[in-house]
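Computed from a prediction, not measured in an experiment: that's the story for all the values here.
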Amino acid sequence: TSAPSRPPPSMPAAPLRGLRVEETGSDARLLRGLLEGGRPRRFEITEVPSLGAALDRLASGGFDVVLLDLEHAGGLDAARRLQAAADVAVVVLTTRSGEALARKAVRLGVQDYLLKGTLDVPTIVRVIGNAVERRQAAVALEARALQQAVVAELGRRALAGGEIEALMDEVVRLVASTLQVEHAKVLELLPDGHALLLRAGVGWEEGLVGRATVPAGADSQAGYTLLQDEPVVVEDLRAETRFKGPALLRDHGVVSGASVVVPLRGGPFGVLAAHTTRLRTFTADDVNFLQAVANVLAAAIERQRAEQATERRRKAAEALAEVGHLLSQSLEIELVGQRIVDSVCRLIDTQAATLFRLDQQSGNLVVVAVAGDVGPTFARGELFSPGTGAAGLAVITQQPVTTLDVLADPRITLTPELRGRIEQAKYRSVLAVPLLVQDRVIGALGVGDRGGRVFGPEEIELVQAFADRAALALESARL
């Protein structure tokens, strides 16, 4: 849900927190009594003895206004330093004789001034309340302008091209600095849909980026964001009831945060989020900024994927043409088969590929060629009994077979020996397609990769195209 904006200072719902610097005497006691007993707006006043102490307290946040006595706290220089130190209103106090100096302070950026000796509750409430309103409005305007500039800069960089990893690193860096948060991250939804990988981040322990994951279900803020398909704001994770904080957030002391979906046409890429270790209300402007940045990142990812798909199709066409040319010159099935599995491994960036021919008499699958790291599972000339493995299932069904984990898929039959071999191999996700000649199965082509990889329609179509070339080679060799 969208973040609620902070109530304007004129509303009586919450007290204004003030920091008072170096006031002494009867005016100080009078001001304290008026402020702490003032109506309709209540004030909570913290007193500090010096400018240095005030700057230290401002660094920790939580104040709306600073009250500075121009005659006792360093004058205009102190006012300027306080104004620059934090996004709070500064109201100076002075006497009639110092009113000209107070007006100069206002021209230099201080919000307003109060005349000692003429203080009353209505005046204090009006002056301080208006000063806070003006300062907050100015800060919000400055923040929006900065956020818009950052989005424009990221858009320019995205249009310039380059590696998505570098853009992600720049995104989290700029999100953290613009929103002034300790932690920012880009999470990518993994193919199995059960977890999100920390792809880029600022403020996380060394070694976590590229390795840490969080659950993609409703128990995590990121997973909840994906399920709701809208921004999610957390004011206090310790009191959150919609979901639990994952270990990644708890281990870093995260308290508040905001997260948005990184949307792609075919489904979400993941989540962009910002977090702090202190209580903070993320405004609607903050959330809109996060979403705008997420949209820029999404557009860059879409463009890169489109470019990669175009390049992959070009290379596939070249590789298919090379195989066709090789077929026209040689009927050596081992040579053609090796070119096919090598090309498939390279084009779809998979760990392993294997070409099988079907022995028509025994029904066994015979390994013709292998590429990549198949581990101890396959060797040229090795036999596999009918219906064994993903390739055997593709032969039986005469349809492509995909699985996220070949060892856990109940559709796939594995002998104890083959299961033991696959357990020693690196691949788990498998795609197998049949080799068909006029609706007659004569073999299969299989590829394997890391567990959880999803082989998409374009990849299945590409592997099937190479399987068709392999079928032509096998049939020609038989004839």
Side-chain angles (χ1 to χ4, degrees), residues 191 316 319-320 323 333-334 336-359 363-415 417-437 440-474:
L320 286 168
V323 171
I333 185 58
E334 290 80 7
V336 176
Q338 193 62 50
R339 180 68 62 86
I340 286 173
V341 292
D342 288 341
S343 298
V344 168
C345 261
R346 183 178 69 255
L347 289 170
I348 66 172
D349 190 24
T350 190
Q351 291 181 351
T354 306
L355 177 65
F356 304 87
R357 68 174 177 83
L358 180 65
D359 185 90
N364 293 330
L365 283 174
V366 183
V367 176
V368 175
V370 296
D373 185 4
V374 297
T377 49
F378 304 114
R380 183 179 294 179
E382 193 164 4
L383 303 179
F384 292 90
S385 56
T388 300
L393 183 59
V395 167
I396 292 173
T397 62
Q398 298 189 23
Q399 295 290 330
V401 173
T402 63
T403 178
L404 297 178
D405 188 343
V406 67
L407 292 175
D409 195 324
R411 301 172 301 160
I412 297 174
T413 300
L414 299 174
T415 63
E417 180 186 6
L418 182 55
R419 178 176 290 276
R421 290 185 184 184
I422 294 176
E423 286 173 348
Q424 298 178 55
K426 294 181 179 179
Y427 67 87
R428 291 292 182 271
S429 184
V430 171
L431 161 65
V433 300
L435 273 58
L436 298 170
V437 175
R440 180 167 54 88
V441 183
I442 63 170
L445 176 59
V447 297
D449 206 358
R450 66 188 186 280
R453 174 171 175 176
V454 176
F455 292 100
E458 184 179 337
E459 292 170 322
I460 295 174
E461 182 181 352
L462 177 60
V463 174
Q464 187 65 67
F466 278 95
D468 293 342
R469 290 292 195 279
L472 179 59
L474 287 174

Practice prompt. Without swapping roles, check the side chain of T402 against the backbone of L431 for a donor-acceptor pair under 3.5 Å.
Written response: no
Worksheet item: Who are the side chain to side chain donor-acceptor pair (under 3.5 Å) partners of D342, not counting sequence neighbours?
Response: Q338
Worksheet item: Can you list the steps and then say if F455 with I348 is a side chain to side chain contact (heavy atoms under 4.5 Å, CB included)?
Response: CA-CA 9 Å; F455 292 100; I348 66 172; 4.2 Å; yes
Worksheet entry | E423 CD: over 12 foreign heavy atoms closer than 6.0 Å | yes
Worksheet item: Closest heavy-atom contact between V367 and A379?
Response: CB-O, 3.2 Å
Worksheet item: So do the side chains of E459 and V447 get within less than 4.5 Å of each other, counting heavy atoms only?
Response: no
Worksheet item: Can you name the nearest heavy-atom pair linking A394 to A432, along with the distance?
Response: CB-O, 3.8 Å
Worksheet item: Which value, rounded to the nearest 0.5 Å, describes the distance between I340 atom CD1 and T354 atom OG1?
Response: 13.0 Å
Response to the item:
In this structure, CD of Q398 is separated from CG of L435 (nearest 0.5 Å) by 11.5 Å
Worksheet item: Just by distance, do the side chain of R428 and the backbone of R450 share a donor-acceptor pair under 3.5 Å?
Response: no
Discussion item. Are T413 and L393 packed together at the side-chain level, in the sense that at least one heavy-atom pair is separated by less than 4.5 angstrom?
Written reply: no
Worksheet item: Would you say the side-chain atoms of Q464 pair up with the backbone N or O of P434, donor to acceptor, closer than 3.5 Å?
Response: yes
Worksheet, complete the sentence: Only residue of V430, T403, T388 satisfying side chain to side chain contact (heavy atoms under 4.5 Å, CB included) with I412 is T403
Discussion item. I need the L358 CG to R440 CZ distance, nearest 0.5 Å.
Written reply: 9.5 Å
Response to the item:
In short, A425 meets P376 closest at the heavy-atom pair N-CD, 4.4 Å
Response to the item:
dist L414:CG -> I422:CD1 (nearest 0.5 Å) comes out at 5.0 Å
Fill in: Set of residues satisfying ring pair (Phe, Tyr, Trp, His ring centres under 6.0 Å) with respect to F466, sequence neighbours excluded
none
Item to complete: List the atom of C345, the atom of A352, and the distance in Å for their closest heavy-atom pair.
Response: SG-C, 3.6 Å
Worksheet entry | Close side-chain approach of R380 to V370, heavy-atom, < 4.5 Å | no
Worksheet entry | Closest contact, heavy atoms only, A444 versus V395 | CB-CG2, 4.1 Å
Worksheet item: Is any side-chain heavy atom of L474 closer than 4.5 Å to a side-chain heavy atom of I333?
Response: yes
Practice prompt. Calculate, to the nearest 0.5 Å, the distance between atoms CZ and CG belonging to R339 and L355 respectively.
Written response: 14.0 Å
Discussion item. Nearest 0.5 angstrom please: D405 CG to Y427 OH, how far?
Written reply: 11.5 Å
Item to complete: Among residues two or more places apart or on two chains, list those pairs meeting ring-ring contact (aromatic ring centres under 6.0 Å, His included) that have a residue in residues 373-401.
Response: F356-F378, F378-F384
Worksheet entry | Considering all heavy atoms, the nearest I442-A471 contact | CD1-O, 3.3 Å
Response to the item:
In D359, V366, L365, the residue satisfying side chain to side chain contact (heavy atoms under 4.5 Å, CB included) with L383 is V366
